[in-house]
Amino acid sequence: MRVAILGCGYVGLELGRQLHEAGHDPIGVRRSSDGIEAIEDAGFEAVRADVTDAVDLESVPDVDAVVFAASSGGRGAEAARRVYVDGLETAIEAFGSRASPPDRLVYTSSTGVHGDHDGDRVDEETPLEPTTDKTEVLAEAERVALEYAPEYGIEGTVARYAGLYGPDRYRLERYLEGPVTAGYLNMVHRDDAAGAVRYLLEADLARDDVVQVVDDEPVSKWAFADWLADECGVDRPPKRTKVERLEAGDLSDAAERRILTSKRCSNDRLRALGYEFSYPTFREGYRDAIESYRSARC
């Protein structure tokens, strides 16, 4: 199976490595020299192209499937729209208009599209209620993947990621030093974020469907911070309520809305499809980071 990974960054590199090791033919697409070097270092084919530019995408070979994993680089809603909506439409048109188009598209979205559910559990059937301009863009991009791609004979899948963590993204200090604001964490290790997409492609599952990619155990931020401190052998960090954080008065409107967003994401569908996690909870996922932290303190 030949797979183009558009925007082959943090998760895309791991996806490419896993596909390559499984005997497939991944092609990583990035527009920067550093990005191309990272793909080559990961051991699979790299193509330099802007994933939002149809002319650039002509340099990408024909493939069986496209994974759209591009990032807007943490910028605002307009930048996100150019990448996630306009860029996704461009990619669908560019690949779908070929003589040998792919028949699958996987778009990597975010559980942020759910908005606030006051700590209740949410799944793929829960109506979307995005609370920020950026998550509204992500919800629109999901519709593009599921409704626009079929116009070109491409069946879309939305892989809706929870908060990513893993090598270079453990962010231990954020929780060890605090103060930690109340709320829930919905997480997935990078290797499982990539592994779930690889599995859906290899097993030919979830065409024209949405799958939440999140581990088995949503956890309160306070409980996670205390567990992490205990495992690292340091004092538990200070805590604050959401009201206390908001009263500080130093947050943007978007940041306030994120603070007020609370939900617990279910992975029942992904589990029912047969995916087995390498890191089913944060306890397994943070083990290497904790060991490195403790070793550095000795």
Side-chain angles (χ1 to χ4, degrees), residues 1-73 82-109 141-142 144-146 148-161 190 193-209 211 213:
M1 177 171 52
R2 202 169 210 193
V3 181
I5 306 169
L6 307 186
C8 189
Y10 187 61
V11 175
L13 286 169
E14 177 60 22
L15 174 59
R17 282 190 288 263
Q18 291 187 21
L19 288 169
H20 181 70
E21 289 172 2
H24 302 293
D25 186 12
I27 301 166
V29 181
R30 292 281 292 275
R31 65 179 181 180
S32 70
S33 297
D34 288 345
I36 294 300
E37 183 177 349
I39 295 167
E40 292 173 342
D41 288 346
F44 56 99
E45 183 179 351
V47 173
R48 185 167 185 167
D50 183 338
V51 301
T52 67
D53 187 319
V55 175
D56 267 14
L57 289 175
E58 292 176 1
S59 62
V60 182
D62 289 345
V63 293
D64 303 301
V66 172
V67 176
F68 192 91
S71 169
S72 64
R82 286 194 293 273
V83 173
Y84 299 122
V85 176
D86 300 342
L88 182 56
E89 289 178 346
T90 297
I92 290 169
E93 293 164 2
F95 283 94
S97 299
R98 295 184 176 191
S100 298
D103 69 348
R104 288 209 67 176
L105 164 75
V106 178
Y107 164 65
T108 61
S109 185
E142 290 192 4
V144 170
L146 295 173
Y148 187 55
E151 295 182 16
Y152 287 83
I154 302 171
E155 292 185 278
T157 299
V158 172
R160 192 179 286 159
Y161 286 158
R190 177 204 65 185
V197 172
R198 173 189 50 76
Y199 177 75
L200 295 176
L201 289 172
E202 287 183 326
D204 196 21
L205 297 170
R207 288 175 179 256
D208 192 29
D209 208 352
V211 179
V213 183

message: In the structure I gave you, are the side-chain heavy atoms of V11 and Y161 within less than 4.5 Å of one another anywhere?
response: yes

message: List the residues meeting salt bridge (charged side-chain N to carboxylate O under 4.0 Å, His left out) with D64, not counting sequence neighbours, and say none if there are none.
response: none

Non-hydrogen atoms of C8 and I5 that approach each other most closely: CB-O, 3.6 Å

- line: Quick note, salt bridge (Lys or Arg N to Asp or Glu O under 4.0 Å) partners involving residues 1-28, not counting sequence neighbours, are R2-D25, R2-E45, E14-R17, E14-R190

query: Looking at L88, T157, V67, which hits side chain to side chain contact (heavy atoms under 4.5 Å, CB included) with L105?
result: L88

- prompt: Where do P150 and A145 come nearest, in terms of heavy atoms and distance?
  reply: CD-O, 4.1 Å

- request: Assign the ring pair Y107 / F68 to parallel, tilted or perpendicular, where the plane angle (0 to 90°) is split at 30° and 60°.
  value: tilted

- prompt: Within the distance-only criterion (no hydrogens, no angle test), does the side chain of Y148 pair as donor or acceptor with the backbone N or O of E89 below 3.5 angstrom?
  reply: no

field: Nearest heavy-atom neighbours spanning P102 and F95
entry: CD-O, 3.6 Å

message: With heavy-atom distances below 4.5 Å as the criterion, would you say the side chains of L200 and V106 are in contact?
response: no

task: Measure the spacing between CG of L13 and CD1 of I39 and express it to the nearest 0.5 Å.
output: 6.0 Å

message: Do R98 and V60 have side chains that approach each other closer than 4.5 Å (heavy atoms only, starting at C-beta)?
response: yes

statement: The side chain to side chain contact (heavy atoms under 4.5 Å, CB included) partner of D50 among V29, V55, T90, D56 is D56

message: Using a 6.0 Å cut-off, check whether atom NE2 of H20 has over 12 heavy atoms from anything other than its own residue.
response: no

statement: Rounded to the nearest 0.5 angstrom, the CD-CZ distance for Q18 and F44 is 10.5 Å

- line: Here the gap from E151 atom CD to I92 atom CD1, rounded to the nearest 0.5 Å, amounts to 9.0 Å

message: Can you confirm whether L57 sits close enough to L6 that some side-chain heavy atom of one is under 4.5 Å from a side-chain heavy atom of the other?
response: yes

message: Here's a test for you: under salt bridge (Lys or Arg N to Asp or Glu O under 4.0 Å), which of D208, D209, D204 qualifies with R104?
response: D204

message: Testing the basics here: between V51 and G7, what is the closest heavy-atom pair and its distance to 0.1 Å?
response: CG1-N, 3.6 Å

- request: Report yes or no: does R48 contribute a side-chain atom to a donor-acceptor pair with the main-chain N or O of R31 at less than 3.5 Å?
  value: yes

- prompt: Closest approach of E142 and S109, non-hydrogen atoms and distance?
  reply: OE2-OG, 2.7 Å

- prompt: How about R82 and T52: does a side-chain donor come under 3.5 Å of a side-chain acceptor?
  reply: no

statement: Closest non-hydrogen atoms of L19 and R198, given as atom of the first, atom of the second and distance, are CD2-CG, 3.8 Å

